[in-house]
Amino acid sequence: MTSTIGCHGPEDQKILHEGHRVFVSCEAKLREMPGTPLEGSRLFGLDQEESLLISPSRTLQHSLLTAITNGIHAGETAINAPDPGPDAWVMAPPSRAILVGATRVIYVLLGGSKEEQYARARRVALSETMGYSMLLSTAKRFEDLVSLRPDEKVVGSIVAKRDRLKKEGVKKFSDTDTITESGEAVRTALEARGIPWDQSKVLVEQLQWAWNVWSGMTHGLGWPELAPGDFADNGVYPMPGSWVVDYHAMAAVTSIATALYGQALIQDTDPSL
C-alpha cells in the first residue's frame, strides 16, 4: 500500500506553482535583509533584554530559513513528481518543518506588547537551551568521538541558562504552542483589518489540521491514514484532506513570517500584517 498526495490536476498544479513562487519570493526578501538586527530595532531590543547565548534573532532567522528552504524543496518535488504524485511519507517531514519554522516566527513577533513578545522569546530560548544542553551533556562523555567533546565551560553555561529560565518560571515550550497561538494571532490581526472571523478562522483550522497530519506522519504514526479523506480501490490512497491546499496555507504563513521578521530587524514598531 502506498499513500500519495495527488497533485496532477490543472487546479492543483496552479496552486502548487503559486505557492512555490511565494516561497521563492520569501527567499529573495530574506537575502536582502540585514544579517543581524539593526540597533534600535525590535529584534535588537529582544536580544539585548537578556544576554542569551542563543539569541531570539538567531533562532528566528534559522526558523524562517528552515521554512523557506523546505517550502521551495517540497513544491519542486510535488510539481516534478510523476503521476500519481510523490509519496506522502516523503512530503511529511518538509511539511512539518515549514509549519514549525514559520509559526515560530509569528508566535514570537505577532501580537501583544514588547514585554509579551519577550516572554514568548524566553520560552523559545528555554526550548533551545534544553535541546542544546542535552546534546552537550551527552557529547562530553564520548569516548570514541573525542573531537566532538564540548568545552566544559560551554556545557556549564548552557545548563546554567536552562536552569535559571526554569527557576524563573518560564513555561516549557512545544511546537504545538506555536501552531495554535500563532494561528490565533494571525486570525486576530486579520480581523483587525476588517476580515470577518468566519473567514479568517479557516486559516487557524487549516494549520491545526496540517500540523497534526504531517507531524503525525513524520513521527512514523499510522493514524493519519485513518483520518477523514478519499480512499481508492486500487491500493493507492490519497492522503486525508489535501496536501496542495495545506501547501497553499504553508506558503501564506511563511509569507507572513517573512514580513514580520523583516520589520522586526529594522524598526521598533510592533510588527504587523
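No donor-acceptor pair under 3.5 Å is formed between the side chain of Ser157 and the backbone N or O of Lys153. In this structure a side-chain-to-backbone donor-acceptor pair under 3.5 Å is present from Asp47 to Ser57. Judged by distance alone, with hydrogens and angles left aside, the side-chain atoms of Ser255 form no donor-acceptor pair with the main-chain N or O of Ala251 at under 3.5 Å. The main-chain N or O of Leu16 is never found under 3.5 Å from a side-chain atom of His20 such that the two would form a donor-acceptor pair. For Ser25 (side chain) and Arg21 (main-chain N/O), no donor-acceptor pair under 3.5 Å exists by modelled atom type.
Between Lys166 and Leu126, some side-chain heavy-atom pair lies under the 4.5 Å cut-off. Under the 4.5 Å side-chain criterion, counting only non-hydrogen atoms from C-beta, Val244 is not in contact with His248. Looking at Val22 and Cys26, their side chains come closer than 4.5 Å, going by heavy atoms from C-beta outward.
Follow the hydrophobic side-chain contacts under 4.5 Å out from Phe44 and you never reach Leu46; the two are in separate clusters. Met250 and Val204 are assigned to two separate hydrophobic clusters, defined by single-linkage of ILVMFWY side chains at heavy-atom distances under 4.5 Å. Cluster annotation: Leu30 and Leu43 are assigned to the same hydrophobic cluster (Ile/Leu/Val/Met/Phe/Trp/Tyr, side-chain heavy-atom contacts under 4.5 Å, transitive). Cluster annotation: Trp209 and Ile179 are assigned to the same hydrophobic cluster (Ile/Leu/Val/Met/Phe/Trp/Tyr, side-chain heavy-atom contacts under 4.5 Å, transitive). One hydrophobic cluster, built from ILVMFWY side chains closer than 4.5 Å, holds both Leu65 and Val253.
Interatomic distance, Leu148 CG to Lys140 NZ, rounded to the nearest 0.5 Å: 15.5 Å. Rounding to the nearest 0.5 angstrom, the gap separating the CG atom in Asp12 from the NZ atom in Lys14 is 12.0 Å. To the nearest 0.5 angstrom, Leu265 atom CG is 11.0 Å from Leu260 atom CG. Taking CD1 of Ile158 as the reference point, atom CG of Leu135 lies at 10.5 Å (rounded to 0.5 Å). Between atom NZ of residue Lys29 and atom CG of residue Leu64 there is a gap of 11.0 Å, rounded to the nearest 0.5 Å. For the atom pair CG of Asn212 and CG of Leu207, the computed distance is 11.0 Å after rounding to the nearest 0.5 Å.
By the 4.0 Å N-to-carboxylate-O rule, Arg122 lies close enough to Glu168 to be salt-bridged with it.
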Hey, mind stepping through Ile72 and Val24 against side-chain contact (heavy atoms from CB on, under 4.5 Å) and telling me if it holds? CA-CA 6 Å; Ile72 293 173; Val24 171; 4.3 Å; yes

Please evaluate residues Gln206 and Asp246 with respect to the criterion side-chain contact (heavy atoms from CB on, under 4.5 Å), reporting the C-alpha separation (whole Å), side-chain torsions for both, the decisive distance (0.1 Å), and the verdict. CA-CA 7 Å; Gln206 189 75 44; Asp246 291 346; 2.3 Å; yes

Evaluate side-chain contact (heavy atoms from CB on, under 4.5 Å) for His73 paired with Thr77, printing each intermediate quantity in order. CA-CA 6 Å; His73 173 70; Thr77 299; 3.6 Å; yes

Verdict with supporting geometry, Ile15 and Tyr247, side-chain contact (heavy atoms from CB on, under 4.5 Å): CA-CA 8 Å; Ile15 295 173; Tyr247 184 69; 5.7 Å; no

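Pairing each heavy atom of Thr69 with each of Thr66, the nearest pair is OG1-O, 3.4 Å.
Contacts classified as salt bridge (charged side-chain N to carboxylate O under 4.0 Å, His left out) and involving residues 67-81 (residues at least two apart or in different chains) are not found.
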Listing, residues 31-39 side-chain donor-acceptor contacts under 3.5 Å, not counting sequence neighbours, or none:
{"from": "Arg31", "atom 1": "NH2", "to": "Glu27", "atom 2": "OE2", "distance (Å)": "3.3"}

Could you list the donor-acceptor pairs under 3.5 angstrom formed by side chains in residues 91-115, with sequence neighbours left out?
{"from": "Ser95", "atom 1": "OG", "to": "Met91", "atom 2": "O", "distance (Å)": "2.7"}
{"from": "Ser95", "atom 1": "OG", "to": "Trp243", "atom 2": "NE1", "distance (Å)": "2.8"}
{"from": "Arg96", "atom 1": "NE", "to": "Ser215", "atom 2": "OG", "distance (Å)": "3.1"}
{"from": "Thr103", "atom 1": "OG1", "to": "Leu99", "atom 2": "O", "distance (Å)": "2.5"}
{"from": "Thr103", "atom 1": "OG1", "to": "Thr178", "atom 2": "OG1", "distance (Å)": "3.0"}
{"from": "Arg104", "atom 1": "NH1", "to": "Ser63", "atom 2": "OG", "distance (Å)": "3.1"}
{"from": "Arg104", "atom 1": "NH2", "to": "Asp175", "atom 2": "OD1", "distance (Å)": "3.1"}
{"from": "Tyr107", "atom 1": "OH", "to": "Arg123", "atom 2": "NH1", "distance (Å)": "3.0"}
{"from": "Ser113", "atom 1": "OG", "to": "Glu115", "atom 2": "N", "distance (Å)": "3.4"}
{"from": "Ser113", "atom 1": "OG", "to": "Glu115", "atom 2": "OE1", "distance (Å)": "3.3"}
{"from": "Ser113", "atom 1": "OG", "to": "Glu116", "atom 2": "N", "distance (Å)": "3.2"}
{"from": "Lys114", "atom 1": "NZ", "to": "Asp268", "atom 2": "OD2", "distance (Å)": "3.1"}

